[in-house]
Amino acid sequence: VLPASQLASGTTAFADAGKSMWGNAGYYAVGFAGVVSTLGALSGFTLLNGQVPFAAAADKLFPKSFALKNKFDAPWFGIVASGVLISIFMGGGYVYIIMQGKGATTGVLNTASFLIATLTTVLPYAFCAIAEIILVFSKREFSGRRVGKLLIIPTIAFLYSLYIIYGSGSKSIVAGF
């Protein structure tokens with residue numbers, strides 16, 4: 001739909017593709033859909049960032065403060081703590097990229113933001129996959145073929161997570177940690 005050179009130099013590839021197929025209306029419609037999608041993902045991650053620490057605190061795996069709820073029954077401490085930590089890590093990643101001499105250009109910050117966000121999203125998946133593998137091996141009731149079947153998905157998930165972590169690059173890994 002679009003030449004590779006235009007995709008490489010542009011910052012709004014999906015909206016540009018919408019424009020080339022449907023005109024200005026397509027450009028704005030695809031851009032609006034992107035904004036709606038982003039807000040939906042943000043809402044989902046906000047809920048997730050509160051519920052995961054809450055569940056861990058309820059299982060006594062996290063400090064009790066993460067189990068605190070407000071008058072609307074929302075796990076406020078987990079939401080605030082997650083938001084603060086994510087802001088610190090993302091800010092630290094930006095500072096790291098800027099101090100590498102690349103400058104604070106929009107493209108560099110967008111790429112750094114994407115790679116660090118991908119890395120910080122994939123790390124919990126890798127840990128969960130390893131946890132499932134450990135659980136399968138620690139349970140005595142699983143044996144033989146059943147163990148093999150139970151290990152296929154977490155092993156693939158862990159290897160895929162490692163592939164994504166490796167693909168995010170060494171600078172993103174350093175900035176994300």
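The figures that follow rest on heavy atoms only: side chains count, while hydrogens, waters and symmetry mates do not.
- Here the CD1 atom belonging to Ile164 is positioned 8.5 Å from the OG atom belonging to Ser168, to the nearest 0.5 angstrom.
- Taken together through direct or relayed side-chain contacts under 4.5 Å among Ile, Leu, Val, Met, Phe, Trp and Tyr, Tyr28 and Phe32 form parts of separate hydrophobic clusters.
- Annotation for Lys69 and Trp76: closest pair C-CD1, 3.4 Å, computed over non-hydrogen atoms.
- A pairwise comparison of heavy atoms in Phe54 and Ala67 identifies CE1-O, 3.4 Å as the closest pair.
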Acceptor/donor pairs from residues 147-161 side chains to any protein atom, 3.5 angstrom cut, sequence neighbours excluded:
unit_1: Thr155; atom_1: OG1; unit_2: Leu151; atom_2: O; d: 2.6
unit_1: Ser161; atom_1: OG; unit_2: Ala157; atom_2: O; d: 2.8

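- Listed here is the closest heavy atom pair of Leu2 and Ala13: CD1-O, 3.9 Å.
- With hydrogens and angles disregarded, no donor-acceptor distance shorter than 3.5 Å links the side chain of Asp59 to the backbone of Leu61.
- With hydrophobic clusters built from ILVMFWY side chains whose heavy atoms lie under 4.5 angstrom apart, Val136 shares a cluster with Ile133.
- One distance of note links CZ of Phe77 with CG of Leu68; it measures 7.0 Å at 0.5 Å rounding.
- Linking ILVMFWY side-chain heavy atoms closer than 4.5 Å, directly or via other members, places Ile130 and Tyr125 in two distinct hydrophobic clusters.
- Of the possible donor and acceptor atoms, one in the side chain of Ser138 sits under 3.5 Å from a partner among the backbone N and O of Leu135.
- For the pair Phe66 and Pro53, the tightest heavy-atom approach, listed with the atom from each and the gap, is CD2-CB, 3.5 Å.
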